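Notes follow once the structure below has been shown.
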There are 2 protein chains.
Amino acid sequence: MKDIERIVKEKGIECPECGGSLVNPSHFMTMFRTAIGPYTGNEAFLRPETAQGMFTEFRRLYIITRESLPLGIAQIGRGYRNEISPRQGPIRLREFDMMELEVFYDPKDSSCPYLAEVENVKINLLHEKLRLEGEEKPEEITIKDALENGYIISEWLAYFMGLAQEFLVKLGIPREKQRFKEKLPRERAHYSRQTFDQEVYLSRWGWVEVSGHADRSDYDLSRHMKMSGHDLTAKRYLKKPLVIEKKIVKPKIEIIKRTFSDVGKIMQEISRRKSEEILRDLEEKGYIQINDLKLDKSMFEIITEKEKISVERFIPYVAEPSFGLDRVSYAALEYAYQKRENRTILSLPPYIAPIEAAVFPIVDKPQFTEIALRIKEDLVKEGFKVIYEAKESIGRRYARVDEIGVPVAFTVDGQTIEDNTVTARDRDTWKQVRIKINDCGRLVKSLIRSGRFDKALELIGIHL
Amino acid sequence: MKDIERIVKEKGIECPECGGSLVNPSHFMTMFRTAIGPYTGNEAFLRPETAQGMFTEFRRLYIITRESLPLGIAQIGRGYRNEISPRQGPIRLREFDMMELEVFYDPKDSSCPYLAEVENVKINLLHEKLRLEGEEKPEEITIKDALENGYIISEWLAYFMGLAQEFLVKLGIPREKQRFKEKLPRERAHYSRQTFDQEVYLSRWGWVEVSGHADRSDYDLSRHMKMSGHDLTAKRYLKKPLVIEKKIVKPKIEIIKRTFSDVGKIMQEISRRKSEEILRDLEEKGYIQINDLKLDKSMFEIITEKEKISVERFIPYVAEPSFGLDRVSYAALEYAYQKRENRTILSLPPYIAPIEAAVFPIVDKPQFTEIALRIKEDLVKEGFKVIYEAKESIGRRYARVDEIGVPVAFTVDGQTIEDNTVTARDRDTWKQVRIKINDCGRLVKSLIRSGRFDKALELIGIHL
């Protein structure tokens with residue numbers, strides 16, 4: 001710090017923007033500080049990650065879930081970082097939402113039973129080796145191969161990386177716009193054995209981290225254990241119990257009796273002491289001292305006993321996928337945002353669209369509105385979020401629901417009165433199909449399940 | 001403050017608990033204070049309620065929802081209050097979760113279109129009149145009568161009070177353990193025209209507020225409007241346009257020409273001024289001044305014009321139901337907690353039970369576990385949260401799922417292998433019924449819908 005200050009002064013460095021002089025460099029903590037309760041000095045900080053709550057609660061949750069590993073704890077919540085200069089909209093916020101998952105596992109059995117679900121998933125991996133070579137282009141590799149080549153050190157980490165990519169694909173962000181960038185040792189947080197940033201390409205900000213995948217090892221639990229004095233270990237049942245030999249000291253009562261008078265008191269004191277303690281004294285000093293009496297080696301018998309150990313205790317390792325909810329949402333919005341004939345469409349996957357269907361009467365007249373309102377009510381009863389609009393031209397109403405990402409709109413018109421069919425209009429292709437009123441609910445459901453209009457039509461038995 | 005200090009000193013008042021001397025009284029702000037960014041002086045506070053975000057966003061949301069009232073905005077989030085001495089567990093937290101709803105309505109049309117849903121709901125109302133009489137026993141009264149008698153001043157407030165009671169009933173808190181207590185004028189927050197606390201009787205803490213129902217009038221929007229200078233009004237379309245008469249001044253150009261030379265400049269200046277301004281000057285002073293020229297009444301013609309006004313602007317009123325999520329959850333847990341034959345049962349209504357079903361093989365042997373695991377997988381596929389346990393005695397497993405509120409347990413036993421039936425066991429009555437394996441999913445679904453085991457059996461066609 002002093003060096004920087006000196007250099008700034010010596011070289012006469014000024015602000016490159018305005019030519020003004022620079023203030024002296026200083027440390028700045030990016031946690032928000034506050035005080036709790038009425039007395040001063042009771043300092044507190046807003047949490048910069050949700051993770052720690054899961055570490056401090058580990059013991060309780062481990063017991064509640066009946067002391068078995070792997071154990072996963074997930075939390076969604078606010079995090080706070082006092083950024084010096086947050087100038088990237090929703091990408092860098094001082095107050096943001098995180099989804100964090102801590103998976104506690106036994107480092108001697110780090111296998112993930114769900115790995116098969118994703119082992120053939122291909123990811124774009126910019127691993128340490130590539131980065132050290134100065135390579136910027138990631139390697140396309142399956143989760144399985146990334147593990148086998150040692151690029152990812154734990155199955156749990158690899159599993160969640162595969163899952164994280166597929167999660168974002170489901171949100172509409174294609175695989176080729178995603179990559180995993182390994183942090184170099186000097187870039188990693190102090191608690192991490194290995195970290196990958198999942199990055200998404202955003203038109204305005206370039207590659208942006210949306211989730212971090214870290215193997216935090218036993219760092220956090222060890223530290224909490226040390227600072228709190230509480231036991232945060234887990235149990236490991238040994239398949240083959242360990243047999244260890246243990247030396248036990250046994251006082252020779254007859255000999256002690258011959259030397260000292262108050263044998264009862266002496267025996268009581270001996271039983272209070274640990275075997276190891278007595279052994280150490282006998283070996284180091286040749287005797288043990290009880291009050292002002294010295295008992296020497298001849299007064300003890302040393303027996304070797306075998307002990308079976310079937311439970312070991314250890315500090316679990318932790319694999320942590322941690323998502324920035326705001327960034328994930330922003331990315332999903334950016335990839336959903338489209339222009340078509342100069343109009344805006346928000347092509348959100350139907351299963352994340354906040355409003356799932358629109359119902360319109362072709363014009364605002366009772367013969368149409370009555371049917372339309374009934375369709376709307378039925379859809380609402382089936383649990384869908386539905387918008388109903390009767391005013392303005394039908395084109396304008398379609399445009400409006402396209403803009404807010406409603407995947408399908410149903411329109412009641414003259415033909416509806418004749419044959420009980422409505423127009424079902426696809427948001428993304430503007431394709432229109434006539435379907436029976438009774439099929440509206442099934443179409444919305446199929447759309448949410450399949451994610452695509454043509455597939456959804458097929459599911460309800462309509463082939464175009 | 002000084003008075004309190006003086007009295008404490010004069011009377012020699014000491015701590016009633018320990019006899020120690022008291023510190024001087026001082027103001028204490030119950031908002032947490034922090035600082036934003038690297039520069040000092042940029043003070044900030046953690047929000048004590050989520051409400052303000054909805055007021056400051058009102059204009060944007062009003063426009064997005066196409067400028068129509070009533071408009072409801074809901075938010076769930078953390079609130080922070082730096083309590084001096086929070087000693088009531090989850091009842092008084094420094095960091096807590098709120099669910100707040102702001103309904104913006106036109107004070108000239110405060111009718112709630114959903115009122116009929118709750119108008120016959122009976123609530124226990126300890127209204128202002130009773131409280132002023134020193135009465136502690138609430139009046140049992142329907143929402144409709146409470147409105148008609150003027151006990152509740154707005155339909156929106158009344159509607160949400162009815163809804164709030166039914167919401168808590170659904171969470172398992174009976175109506176007779178709930179009451180609405182009106183705040184007396186001196187107890188009300190500065191922003192409120194009328195406030196009711198919804199209170200629940202808790203065994204340990206007595207009557208505890210779980211939600212507040214306030215009519216905040218136009219207080220917040222008015223204040224934000226004043227401080228920010230932004231327009232936070234809403235539009236009211238008049239059914240009959242107002243016709244108002246307006247006086248317009250028209251310069252008599254011929255006369256002005258006769259008196260002054262630079263008529264162009266004079267006319268320009270006149271057109272820049274507002275009619276009302278010129279009128280006021282003419283009436284008060286008898287002339288208007290333009291630079292060093294004085295134009296008197298004779299130089300103007302005063303015309304009366306009629307103007308049609310079809311839109312008025314006004315500041316909406318706000319009805320606010322505000323729930324303390326932690327307290328509501330605590331109350332639901334307390335009312336669900338039961339003892340039966342010295343064992344604990346958490347009788348959560350099935351629709352809020354975190355785990356919806358348990359599946360057990362009678363003993364941990366393949367002929368049972370295979371079927372049990374298949375049943376479990378099927379239930380999971382249907383979207384239910386299911387627990388599976390194979391170890392320990394069946395009685396112990398039942399006891400364990402009773403304790404965590406799992407409403408139904410299915411057990412695979414010898415008979416299952418013969419006839420494809422399982423035992424369905426009710427958490428609350430410990431009643432056991434044999435049902436077909438294929439009916440498990442339907443039973444869970446019916447249980448969640450109906451909330452009761454006997455009803456659920458009926459729904460799937462089994463009559464006891």
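In what follows, chains carry the letters A, B, and so on, assigned in the order in which the sequence lines appear, proteins first and then strands, with residues in each chain numbered from 1. Just so you know, these numbers come straight off a predicted model, no measurement behind them.
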What residues form a side-chain contact (heavy atoms from CB on, under 4.5 Å) with B:V23, not counting sequence neighbours?
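Partners of B:V23 under the side-chain contact (heavy atoms from CB on, under 4.5 Å) test: none.
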
B:D326: what forms a side-chain contact (heavy atoms from CB on, under 4.5 Å) with it, not counting sequence neighbours?
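For B:D326 the side-chain contact (heavy atoms from CB on, under 4.5 Å) partners, ignoring immediate neighbours, are B:L93, B:F96, B:D97.
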
I'd like to know if the side chain of B:R397 and the backbone of B:K391 have a donor-acceptor N/O pair within less than 3.5 Å.
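Between the backbone of B:K391 and the side chain of B:R397 there is a qualifying donor-acceptor contact (under 3.5 Å).
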
Between A:R427 and A:L348 (side chain of the first, backbone of the second, donor and acceptor by atom type, cut-off under 3.5 Å), is there such a pair?
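Judged by distance alone, yes, a pair lies under 3.5 Å.
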
Applying a heavy-atom distance below 4.5 Å, give me the residues of residues 62-73 of chain A that approach chain B, sorted by number.
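When heavy atoms of chain B are the reference, residues 62-73 of chain A contributes A:R66 within the under-4.5 Å range.
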
With a 3.5 Å cut-off and no angle check, do the side chains of B:T50 and B:E100 form a donor-acceptor pair?
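Note: B:T50 and B:E100 side chains meet the donor-acceptor criterion.
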
B:T369 and B:Y388: side-chain donor and acceptor closer than 3.5 Å?
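Judged by distance alone, the side chains do not pair up.
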
Is chain B contacted by the side chain of A:I404, its backbone, both, or neither, given a heavy-atom distance below 4.5 Å?
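Neither part.
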
Could you tell me which portion of A:E389 (side chain, backbone, both or neither) has an atom closer than 4.5 angstrom to a non-hydrogen atom of chain B?
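When you check distances to chain B, only side chain atoms of A:E389 fall under 4.5 Å.
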
Ion pair check, A:E5 and A:K2, cut-off under 4.0 Å
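Salt bridge present between A:E5 and A:K2.
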
Between B:R400 and chain A, which part of the residue has a heavy atom less than 4.5 Å away: side chain, backbone, both or neither?
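Contact with chain A is through the side chain of B:R400 alone.
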
Part of B:F45 within contact of chain A (heavy atom distance under 4.5 Å)
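Contact with chain A involves no heavy atom of B:F45 at all.
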
Would you tabulate the side-chain donor-acceptor contacts of residues 26-37 of chain A under 3.5 Å, counting partners in other chains and residues two or more places apart, or write 'none'?
| unit_1 | atom_1 | unit_2 | atom_2 | d |
| --- | --- | --- | --- | --- |
| A:R33 | NH1 | A:E43 | OE2 | 2.5 |
| A:T34 | OG1 | B:R33 | N | 3.4 |
| A:T34 | OG1 | B:R33 | O | 2.7 |

Between chain A and each of B:E392, B:E95, B:R78, count heavy-atom pairs under 4.5 Å; write down the option with the most.
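Ranked by contacts with chain A, first place is B:E392.
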
